[in-house]
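A short worksheet on the structure shown next.
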Amino acid sequence: MSTELFLQNEAKIAVEKLYGVIAEASQLQIQKTRKEFEGDYTLVAFPLLKISKKNPEATSQEIGQYLVDNCKQIVRFNVIKGFLNLSMSNEYWAEILTNISLTNDYGFLPSDASGRSVMVEFSSPNTNKPLHLGHIRNNLLGFSVSRILEKNGNKVKRVNLVNDRGIHICKSMLAWQKFGNGETPESAGKKGDHLVGDYYVRFDREYKLQIEDLKSKGLSEDEAKAKAPIMLETQEMLRKWEAKDPEIYTLWERMNGWVYNGFEKTYNALGITFDKTYYESQTYLLGKATVLEGLDKGVFKRKDDGSIWIDLTNDGLDEKILMRSDGTSVYITQDIGTAIQRFDEHHLDEHIYVVGNEQEYHFQVLKLILKKLGYKWSDNLFHLSYGMVQLPEGKMKSREGTVVDADDLVDEMVSTAHDMSAELGKLDGVDSNDAAAICQMVGLGALKYFILKVDPKKNMTFNPRESIDFNGNTGPFIQYTHARICSVLRKAEELGINLPKTISMQGFTAPKEIELIKLISEFPTVVEQAGKELSPSFVANYAYELTKEYNQFYHDFPILKEEKLDVQALRLSLSKIVGDTIRKSMWLLGIDVPEKM
RNA sequence: GGUCCGGUAGCUCAGUUGGAUAGAGCAACAGCCUUCUAAGCUGUGGGUCACAGGUUCGACUCCUGUCCGGAUCACCA
C-alpha cells in the first residue's frame, strides 16, 4: 500500500473519531509536502471544514495531534495555513526500503496478473519509402507502451501492419521499371528501402513534368493530373497486380523484399521487435462480407451507383463510404475486417492502435461502425493518437527533401555519442567493442528519451542540432547516473562490503535519504499511471526526477567512505535500489543502460 | 464553416481527481575535481500560465466567449 493511501485511511479514522463523520475519499486529500516545508506528506484541511465546523488551522491542529497520538508511524506535524504537514518515522521508511529491496521486480506485475490480453498495433510503414522521424516516434511509443502494459499485468501482443500494396506502391515500381536499368540495393550500395524511396521520388518528379506539359497544352490542373500517362500506367499496373499478373507480382515481391531488408536493419538499430507482422496484401479484402451483412441489417445503405455508405450525421459525423461503386473496398473496410478477425482469433480484451493524430476521425468512425454492427468490444478499441514531429522550419515534407531520415538520425546520434565520449576521455582504456556498444546505447538513449519524455498527444519540435544533447534532462544523464551507481557497487564488492538484508533506522542521517525512498516507493504508481494513460512520458519524467535527486545525494554524502557501518549500509542499499529503479524505468522506455560510460 | 487537439521563461518541455510563493533542462553568467565516474553538483538572472469573463475559501488546472497555431471532415491511406 502506498503511503498516500495509508495516510488517507488514518486521516479518515481521525476525522471519524474527532467529528463523528465518515469523510469521503475526495475530502481526504493527501499530497507530497512541498520541499520548502517540513514534512513528508500533507493533508489539505479545506475540504474537511464542513465536517469539523472549525477554521482550517484548528482543524489541522486537531487532526495532526490525533494522528501523532494514535499512529506510531507519524511522529511530527506542523500546520501552515490550511495545510497539515506530517512527518513519518524513520522506522517507517526503513521498513519501506527493506520491503522494496526484498520484493522481486518491485513495481512490475507478472504478465498474467490482470488476466487481460491486449494487442498493440504500431509502426505500420508503407513499403515505398524509408522510415523517417515521424515513424520513429510511432515505433518508440508503441514499443514502450507495450512494455508498460506488460508490466501492468497484461498479456501483450505487438503487431505491425505493413502497407505493402496500393497505388503508391505501384508508383515506385513503375519508376524503377522505367528508369531503373535493373538497379538493385547491391549494385547501388544502398539500403533497399532507400533505393525504393528514391524511385518513389523519381515518379513524383516525372509526374509533375507531365502535368506541366499537359497544362501547357490547354488542359486544366485536374484533367492533367488524371490524364498524365505515367499515372495511367500506374493505375494499369495496380489492376494487373490485383489480377495477380505474374510479371508485376514478381516485381512487387522483389522490391518489397528489398524494403523489408532495409526495415529490418532500422528496427534492429532501434531495438524494436514485433510478435506478428500483418501484410495488407493479405488483409485488404477482409471486411467486404461484413459490409454486405451490414447492408442486409440496414445499418448501411446502397446508393444508386452501387456504392455503400453509412450515415453518421446523427452522431455528429458525416456520411462515410465503405465500398466503392465498382465493388472495391476502401481503407476503413479493411480495418473493420481486421479488427473482427483479431478479436475472434486472439480473444482480445483491448486493442490499441498507435497512429498519428491526423487519423483521429478515422478511428472515431471505425469504433462507431463496429458498435452499430453490434460488436460490444468496440468500446475496447483505443486510438493512441500522437502529435506530429515538426522541424524548427515547420512540417517535414518528403517532396521538399526536408524529412529527417530514421537511419541517418540514428547514425548521427551514435557518432555524436562517440565524439563526445572521446572528447571527455571516457573511452580511454576501454575495449573497442565495449566502446562501440556504449556509444550505441548512449546515442540511442539520447534520441529515445528526447522523444518519449514528451506527452504523446502533443506536437513536438525536433531540432536536429540542438536536440542532440547529452546533459541535463536527457537520456545520457540518466544512463550516466546508472553507470555511476554500478561503479559504486563494483567498488563495494571489491572491498568486500555486502548489501545488508534489512535496513536499520539508525542509518538515516539526512532528509535526502528519505526523499529518495519516498520517490522509489512511488514507482509502482507511476507504472500504473503510465499504463492507464498510455503515456511513457510519465515514466521518463519520473526517471529524471529520481536521477536528479540521486545525483544530489551522491554529491553531498559519502557512501563507501562513510565510516559508520549502518549509515554505509543504508546508503549502499539505497544506491542499489535507485540503480534498479532507473534501469527498470528506462527498460519501460526501451532504453538500455550501461554499467560503465 | 463543423469537429478535435494545443498555447506555461529566449528555446525544449514538466506541472492528473482544483491547493501553499508556477518547476526543470538548454542557452548566458559565477563557483566546485589530492575524496566512491565533473556526461556531475551549487548559485544568479529570466513568467500578465494567449486574452477576457465566470464558478470557489482557493484556478495553469473546471465552465463560457475571443484570438493564435495544428489536425480533420475524399469512391486516398
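To find a chain, count down the sequence lines: A is the first, B the second, and so on, and within it residues start at 1.
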Which dot-bracket string describes RNA chain B (Watson-Crick N1-N3 plus N6-O4 or O6-N4, or G-U N1-O2 and O6-N3, all under 3.5 Å; [ ] crossing; | other strand)?
(((((((..((((.....[...)))).(((((.......))))).....(((((..]....))))))))))))....

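- Remark: Tyr41(A) pairs with no residue by the ring-ring contact (aromatic ring centres under 6.0 Å, His included) rule, at least two apart or across chains.
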Nucleotides 33-43 of chain B: protein proximity per nucleotide (B base, S sugar-phosphate only, - neither; heavy atom, under 4.0 Å)
--SBBSBBSS-

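- By the side chain to side chain donor-acceptor pair (under 3.5 Å) test, Glu223(A) is found to be paired with Ser220(A), residues two or more places apart in sequence or in another chain being considered.
- Applying the side chain to side chain donor-acceptor pair (under 3.5 Å) test to residues at least two apart or on different chains, the pairs with a partner in residues 447-462 of chain A are Tyr449(A)-Asn473(A), Asp455(A)-Lys457(A).
- The ring-ring contact (aromatic ring centres under 6.0 Å, His included) search around Phe263(A) returns none, not counting sequence neighbours.
- For RNA chain B, the residues of residues 307-318 of chain A within the heavy-atom distance limit of 4.0 Å (strictly under) are Ser307(A), Trp309(A), Asp318(A), sorted by number.
- Applying the side chain to side chain donor-acceptor pair (under 3.5 Å) test to Tyr331(A) and every residue at least two apart in sequence or in another chain returns Gln359(A).
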Show the distances under 3.5 angstrom between N or O atoms of the protein and N or O atoms of nucleotides 68-71 of chain B.
from, atom 1, to, atom 2, distance (Å)
A71(B), OP1, Lys395(A), NZ, 3.0
A71(B), O2', Asn357(A), O, 3.4

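- Pairs of residues two or more places apart, or lying in two chains, that qualify as salt bridge (charged side-chain N to carboxylate O under 4.0 Å, His left out) and include a residue from residues 39-48 of chain A are Asp40(A)-Lys518(A).
- Contacts with RNA chain B (heavy atom under 4.0 Å) in residues 319-338 of chain A: Ile321(A), Arg324(A), Ser325(A), Val330(A), Tyr331(A), listed by number.
- Residues that satisfy the side chain to side chain donor-acceptor pair (under 3.5 Å) test with Asn9(A), not counting sequence neighbours, are absent from this structure.
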